[in-house]
2 protein chains.
Amino acid sequence: MNKPEIPTLDDVAKEARVSTATVSRCLNSPDQVSTKTRDKVLKVVKDLGYTPNFGAQALAAKRTNTFGAIVPTMNNAIFAAGLQAFQEELGHNGATLLLASSSYNSQAEEEQIRSLVSRGADGLLLIGTQRSDQIYSFLDDRQIPFVIAWSYEENKRRSCVGFDNLKASYELTLRAISLGHKKFAIISAPTHSNDRAKNRVMGIHKALKDNGINFQNVQSIECEYSIGNGFESFKTLMQVADRPTIVMCGNDVLAAGAVKMAHEMGLKIPDDISITGFDDIELASVIEPALTTVHVRHKKMGMLAAQVLLKQVDDKSYRENIKLDTWIVEGKSLAKPRSFL
Amino acid sequence: MNKPEIPTLDDVAKEARVSTATVSRCLNSPDQVSTKTRDKVLKVVKDLGYTPNFGAQALAAKRTNTFGAIVPTMNNAIFAAGLQAFQEELGHNGATLLLASSSYNSQAEEEQIRSLVSRGADGLLLIGTQRSDQIYSFLDDRQIPFVIAWSYEENKRRSCVGFDNLKASYELTLRAISLGHKKFAIISAPTHSNDRAKNRVMGIHKALKDNGINFQNVQSIECEYSIGNGFESFKTLMQVADRPTIVMCGNDVLAAGAVKMAHEMGLKIPDDISITGFDDIELASVIEPALTTVHVRHKKMGMLAAQVLLKQVDDKSYRENIKLDTWIVEGKSLAKPRSFL
DNA sequence: ATATAAAATGTAAGCGCTTACATTTATCGG
DNA sequence: CCGATAAATGTAAGCGCTTACATTTTATAT
């Protein structure tokens, strides 16, 4: 069996009796070619089943139409939803997604960034703001367009599509306070090198402080994102003499674990204990009782991020800072503490 | 401001006073170079911050070290988990993942396949067996290594890493039958162009048939994967005079929706109605009552798929058919029907 | 020390495409 | 019908890398 010959631009050009330049133009800027030749060439392209060689195209055009995204983990509904939207929007524009996950490890993230850049990514989607100056200047030096998602910052020097984690968390906490809660506990994702998690915790602290509640005494556990960890952490938080009346969780998955443990311990939600989540993933509405949580527009974020990124590729100096709104989703897991009943 | 000059192989070669070939060898096959020059060259590489140009490399080497994966949706924990493992395994081997999702549309999937191939993917991860002969021969013609995941087939002509959807479903159904269930209903993902969904339904039918239960009368609803659809479908299934005693769902997400509706309708699970899932995603253990479902080794599948794919790239004739085991996870959502209590 | 094999390095020809520039062909007012 | 201008097409020089092959250096055996 002889090797299948993959047709090249040259083959098409010969077959259509035109120059390679014309074929290239038919494909990349059709209006520069007369209708007659264009039709002729495109027919040959189809007959031969020609597809451009990616490497050659990238080398010659200095552009790959691929975009990189580095997410902390794919194993998380929020990033999955955002990425799906991001990819779809790219797809509408003839671009493709290169995906990597950093496992919440900033060292790994830097490597991934470099790797994606050297793979010719035209632009990058990054999660959160927190990374070394070094890697930011690497991106600047190479003039790689990138957009930060899931975090919002006023920073005209770089683009972002995110929301105010601190404020959202602040407002959820205010809500709890207004219901009469005074004894808080927190289960958070690790705040080290995760500005979203950090801001969510800070939002709680600020709300407490603003309302004269001492936040130094607030028990707080940091653990990685999983139902199991929420489960264990909740137990730990409850093993104190003076139990909190509310456990605020950094995200819905941790909250789901907490709810599960509450059931196991025979605690009624929300009478014995209130639990809040963050993100409003589908899960939040299924568990019993439905979680009170913060809705985040993950899909919209992914879509807008793609749009901003594409604009930045066209115009390297383009920047945009988009803040999306969030809102509290009322479930049944947050209510007045028992002492107020 | 002058454009940042990205260093090339040539720059490195000049700086290190060797030929470009030597530099290339230092990077790609270090043992062909003496320790002395290698150290010298690698130092320059580091000092200059050189990274190979992807396009050039791809063009010259006819290999990109990128692999494509096309999943029906990212918005599904099972694929997310599998992909994450797939990507990590690739990463350990210096390869990167190109990701696309087809939205369960086989037309779209074909386009994605062609797109990823023309983008120079060295190999592909595909979900399920069901696609046109045309696209299979496209892959064969171009000798693109690929591996099919989530489905198992005895087919020496192509590789797969999957499990027996039919058998797993069959056994779960047997379990229900042995508990005394005779009136079944099904909520399935669309079986058109989805062999996994199809086999899961067929497994149920076969088990019923083998046990003398007429499966023609079994109510069955097909709907896309979402909690909301499970919710609605369950309601529909219950709006009949002769209600089923068990609703078997094609996956955990649909089951979660069904459970939610059961609660809403005031039906006790499992006393009034049994509900089963499939996949054993984290969700399954959190909802109340915990789902009886089928555990699938998604992560293992992703990892193995990467390994098989990498082997196939080295040896184009290599094939492997791996069948992973599955097992029933006992939740509280499946029990004897009321009439048997 | 010398012949010979092996290891290290260099030379240079592409890989398949895009695009600046040159050339040819069509269009059009007078 | 002519010359001027615009539109269409062609020519050919890279883009930055890998690798077959040629050459030089080093190691080994005699």
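Just so it is clear: chains get the letters A, B, ... in the order the sequence lines come, proteins before strands, and each one is counted from 1.
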Legend entry - Within 45° cone of B/Y136 ring axis and under 6.0 Å: B/R157 NZ or CZ: no

Legend entry - Separation of atom CG in B/L59 from atom P in C/dC15, rounded to whole Å: 9 Å

Legend entry - Nucleotide nearest B/L9 when distance is taken to its side chain, options D/dC15, D/dT18, D/dG16: D/dT18

Inset, instruction - Measure from NZ or CZ of B/R114 to the centre of the six-membered ring of B/F138, then state whether that distance is under 6.0 Å and the direction lies within 45° of the axis. - result: yes

Legend entry - B/N53 side-chain proximity, nearest of D/dG10, D/dG16, C/dT9: D/dG16

Inset, instruction - Return the 5'-most residue of the pair B/T22, B/A56 with respect to DNA chain C, ranking by each residue's nearest nucleotide. - result: B/T22

Inset, instruction - Look at B/S19 and C/dT9 and indicate whether a side-chain polar atom (N or O) is within less than 4.0 Å of OP1 or OP2. - result: no

Inset, instruction - Could you check which of D/dT11, C/dT18, C/dG10 has an atom nearest any side-chain atom of A/N28? - result: C/dT18

Inset, instruction - Ignoring backbone atoms, test whether B/Q57 places a side-chain nitrogen or oxygen under 4.0 Å from the OP1 or OP2 oxygen of D/dG16. - result: no

Inset, instruction - Remember a base hit wins even if backbone is also touched, and classify A/F54 as base, sugar-phosphate or nothing at under 4.0 Å, heavy atoms. - result: nothing

Legend entry - OP1 or OP2 of C/dT18 under 4.0 Å from side-chain N/O of A/S24: yes

Legend entry - Minimum-distance nucleotide to A/A61 side chain [options: D/dT9, C/dT18, D/dC17]: C/dT18

Legend entry - Separation of atom CD in A/Q32 from atom P in C/dT19, rounded to whole Å: 10 Å

Legend entry - B/W150 to B/I78 - nearest heavy-atom pair and separation: CZ2-O, 3.4 Å

Inset, instruction - Check the distance between D/dC15's C1' and B/I6's CD1 and give it to me in whole angstrom. - result: 13 Å

Inset, instruction - Give the rounded distance in Å between these two atoms: NZ of A/K62 and P of C/dG16. - result: 19 Å

Legend entry - Polar contact flag, side-chain donor to acceptor under 3.5 angstrom, B/Q130-B/S106: no

Inset, instruction - Output the distance between atom NZ (B/K299) and atom CD (B/Q84), rounded to the nearest 0.5 Å. - result: 7.0 Å

Legend entry - Atom-pair distance (CG on A/D10; P on C/dC17), nearest Å: 8 Å

Inset, instruction - Specify the separation, in whole Å, of atom CG of A/L27 and atom P of C/dG16. - result: 16 Å

Inset, instruction - Among B/R158, B/R319, B/K323, B/R196, find the residue that satisfies the salt bridge (Lys or Arg N to Asp or Glu O under 4.0 Å) test when tested with B/E153. - result: B/R158

Inset, instruction - Would you indicate which nucleotide in C/dC17, D/dT9, C/dA8 comes nearest to any side-chain atom of A/Y50? - result: C/dC17

Legend entry - Nearest-angstrom distance from the residue atom CG of B/D31 to P of C/dA7: 11 Å

Inset, instruction - Would you mind telling me which of C/dA20, D/dA20, D/dC17 lies closest to the side-chain atoms of B/R25? - result: D/dA20

Inset, instruction - Compare the minimum distances between each of C/dT19, C/dG16, D/dT18 and the side chain of A/T8, then state the nucleotide with the smallest one. - result: C/dG16

Inset, instruction - Please determine if a side-chain N or O atom of A/T37 lies less than 4.0 Å away from the OP1 or OP2 oxygen of D/dA8. - result: no

Legend entry - Candidate nucleotides C/dG10, D/dA12, C/dC17, ranked by approach to the side chain of A/A60 - the nearest: C/dC17

Inset, instruction - Measure the distance from NZ on B/K36 to C1' on D/dA27 and round it to the nearest whole Å. - result: 15 Å

Legend entry - C/dT18 OP1/OP2 closer than 4.0 Å to side-chain N/O of A/T20: no

